[in-house]
Amino acid sequence: MRLRLMAVLASLLVVLSPATAARAADDPLLDQLTAIPGLSIVSQTQGTGYRFFVMTYRQPADHRHPGQGTFEQRLTLLHRSEAGPVVLFTNGYGLAANPRATQTEPTALLNANQISVEHRFFTPSRPADADWSDLNIWQEATDEHRIVGAFKSVYDGRWIQTGGSKGGMTSVYHRRFYPKDIDGVVAYVAPNDAINPADSAYDRFFDTVGTADCRKTLDEVQRQALLRRDRLVPRLEAEAAEAGWTFERTIGTADRSFEMTVLDSVWAFWQYSLAADCAEVPAATASDDEIWTWIDTVAGWSFYTDQALEYYWPYYFQAASQLGWPSLRFEHLRGLRNHPHLYTANASLPKELRRPHNPLPMIDVDLWVRTQSERMLFVYGENDPWGAERFVPSRRDSALFVAPGANHGANIARLNPADSAAATTMLRRWAGVPATLVRPLAADLPIDDGLGDRRRIR
């Protein structure tokens, strides 16, 4: 009687919910994911030829003392095939509040799966009672090491890591500490501030980039902005009052925010503009409105405010404590600066997060990349200031390519044809896919380089 009742109930379940029963019986991927300890699936969507998952993964706040607290690190999974390669995309910053399915250039070139990871301490991937000394390159590399180990239970193909700018740096650091985790790295526009005070390369860049006329015009627009400080700072104060921006928590005052934005404007121009855009730079005779609007367009008056900087505290903390930051002479602005020591990472942090710089980690990474690394591909833009100090790869199946005339958005597609073909061949060989692989058409999967726009990121 009991067996007959159970059979009737089972048949009713099939009749009432056949789709649910089928999913439960025929979703081995979901079974494998839910079996990973510490992994939680937040959402999943189905696209043409792929599935997309938003997830969290429980990480120790301090990998050296895993019993002393955890946090939930956000990540996403773009799944195409369990047999295909996997691209580990280290953003370097945070994921979008509501992530959507996108792919990096290596993912598209390999028709690969992709795991995208939010950097530790970018909210919400931050411990509740955060000890900021746990925010360093080894701890983040160990986050990724655990993620790779967890997902190798699902994917047994080859792994490629990639990232742009700070995400590219993050991919290098992971490779440094855990070289056996992955089979190759593609690091885009990744700065390498090996010796923090030795920043003459940045000054040489700004002395030679573009044409002499363009450089002169850019220098002059900065001079004019500072010369008009008495009119433009009140304008910033008025706009801040209307928008609810404040300065006291981080940068300090509206005058300091104004000066920092002016100093940053030429860097931001070359980071995200092209040489042809020099024609749009205001002349020395331009009105206050024209100069104000141009600087707002290329750098953004809202960036050096408490509200905008708070999101980037993890970046500035790492720059101050380990990564380093660019220091420029600004010789053309002598006598016009009110705050000569402003252009530092600590200037964008609240007092409690400011740190002295430790030079040893970057020296170690630079030496390792030059002498011991293997299967590392670096891509830079010719006119990108962040590429003034570059990584130098070893001769062990590694390469560096420069995209002519490109800015901070340089990628393999922007290389000259011969270099693009060589980089693609190298990447596909590392990933174990055919050199003649046809890139799939996926209109609903846009390319994401993780760089965003300078109107928000310095």
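Annotation: side chain to side chain donor-acceptor pair (under 3.5 Å) contacts involving residues 350-366, sequence neighbours excluded, comprise Arg176-Asp364, Asn192-Asp366, Arg249-Glu352, Asp366-Arg370. The list of salt bridge (Lys or Arg N to Asp or Glu O under 4.0 Å) pairs with a residue in residues 134-145, not counting sequence neighbours, reads Arg120-Asp143. The salt bridge (Lys or Arg N to Asp or Glu O under 4.0 Å) pairs that include a residue from residues 178-188 number zero, where partners must be two or more places apart or lie in different chains. The list of ring-ring contact (aromatic ring centres under 6.0 Å, His included) pairs with a residue in residues 143-162, not counting sequence neighbours, reads His79-Tyr155, His145-Tyr178. The stretch residues 28-47 participates, sequence neighbours left out, in no ring-ring contact (aromatic ring centres under 6.0 Å, His included) pair at all.
A donor-acceptor contact under 3.5 angstrom links the side chains of Gln139 and Asp62, judged on distance only. Between Gln59 and Thr70, the side chains place no donor N or O within less than 3.5 Å of an acceptor N or O (distance only, hydrogens not considered). No hydrogens or angles considered: a donor-acceptor pair under 3.5 Å links the side chains of Thr107 and Thr104. Between the side chains of Glu118 and Ser125, at least one donor-acceptor pair of N or O atoms lies under 3.5 Å. Glu280 and Trp294 share no side-chain donor-acceptor pair at under 3.5 Å. Judged purely by distance below 3.5 Å, without hydrogens or angles, the side chains of Asn113 and Tyr50 never pair a donor atom with an acceptor atom. Residues Ser171 and Gln161 have side chains that never bring a donor and an acceptor to within less than 3.5 angstrom of each other.
Checked by atom type and distance alone, the side chain of Thr90 pairs as donor or acceptor with a backbone atom of Thr162 at under 3.5 Å. A donor-acceptor pair under 3.5 Å links the side-chain atoms of Glu105 to the main chain of Ile412, judged by distance alone. Under the 3.5 Å distance criterion, the side-chain polar atoms of Gln307 are matched with a main-chain donor or acceptor of Thr246. Side-chain atoms of Asn136 come within 3.5 Å of backbone atoms of Ser133 as a donor-acceptor pair (strictly under, hydrogens ignored). Side chain of Arg375 to backbone of Gly184: no donor-acceptor contact under 3.5 angstrom is found. Side-chain atoms of Asp306 come within 3.5 Å of backbone atoms of Thr250 as a donor-acceptor pair (strictly under, hydrogens ignored). Judged by distance alone, the side chain of Arg158 and the main-chain N or O of Val86 form no donor-acceptor pair under 3.5 Å. Side-chain atoms of Arg175 come within 3.5 Å of backbone atoms of Ile182 as a donor-acceptor pair (strictly under, hydrogens ignored). Panel note: side chain Asn196, backbone Trp325; a donor-acceptor pair is recorded below 3.5 Å. A donor-acceptor distance shorter than 3.5 angstrom exists from the side chain of Ser265 to the backbone of Val262, with no hydrogens or angles considered.
A heavy-atom distance below 4.5 Å is not found between the side chains of Pro361 and Trp138. Between Glu72 and Tyr57, the closest side-chain pair of non-hydrogen atoms is not below 4.5 Å.
Ring to ring, Trp267 and Trp386 are close: their centroids are under 6.0 angstrom apart. Here the two rings, on Tyr312 and Tyr93, have centers that are under 6.0 Å apart.
Just one of Leu445, Leu109, Leu110, Asp448 meets the side-chain contact (heavy atoms from CB on, under 4.5 Å) condition when paired with Gln103; it is Leu445. Exactly one of Val402, Val209, Leu274, Asn407 qualifies for a side-chain contact (heavy atoms from CB on, under 4.5 Å) with Asn383. That residue is Val209.
Under the 4.0 Å criterion applied to side-chain N and carboxylate O atoms, Glu374 and Arg396 are not assigned as salt-bridge partners.
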Please tabulate, for side-chain N and O atoms in residues 33-43, each donor-acceptor pair with protein atoms closer than 3.5 Å (sequence neighbours left out).
| from | atom 1 | to | atom 2 | distance (Å) |
| --- | --- | --- | --- | --- |
| Thr34 | OG1 | Leu30 | O | 2.9 |
| Thr34 | OG1 | Asp31 | O | 3.1 |

- Message: Evaluate Val298 against Tyr272 for side chain to side chain contact (heavy atoms under 4.5 Å, CB included), listing each step before the verdict.
- Response: CA-CA 8 Å; Val298 300; Tyr272 282 110; over 6 Å; no
- Start with the C-alpha distance between Phe122 and Tyr311, add both sets of side-chain angles, then the distance that settles ring pair (Phe, Tyr, Trp, His ring centres under 6.0 Å), and finish with yes or no. CA-CA 7 Å; Phe122 278 86; Tyr311 173 80; 5.4 Å; yes
- Message: For a side chain to side chain donor-acceptor pair (under 3.5 Å) check, start with the C-alpha distance between Ser200 and Arg204, then their side-chain angles and the critical distance, and finish with the verdict.
- Response: CA-CA 6 Å; Ser200 59; Arg204 287 195 300 272; 3.0 Å; yes
- Task: Just do the side chain to side chain donor-acceptor pair (under 3.5 Å) check on Tyr304 and Asp264 with the steps written out, would you?
- Result: CA-CA 10 Å; Tyr304 288 105; Asp264 226 15; 2.7 Å; yes
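Atom OG of residue Ser327 and atom CG of residue Asp199 lie 4.5 Å apart, to the nearest 0.5 angstrom. Put simply, OG1 on Thr305 and CD on Glu248 are 11.0 Å apart, with the number rounded to the nearest 0.5 Å. To the nearest 0.5 angstrom, His174 atom NE2 is 6.5 Å from Leu88 atom CG. The line from CZ of Phe269 to CG of Asp277 is 5.5 Å long, rounded to the nearest 0.5 Å. Here the straight-line distance linking atom CG of Asn91 with atom NE2 of His119 works out to 9.5 Å at 0.5 Å rounding.
Taking a 6.0 Å sphere around CD of Gln46, one finds it holds more than 12 heavy atoms contributed by other residues, nucleotides or ligands.
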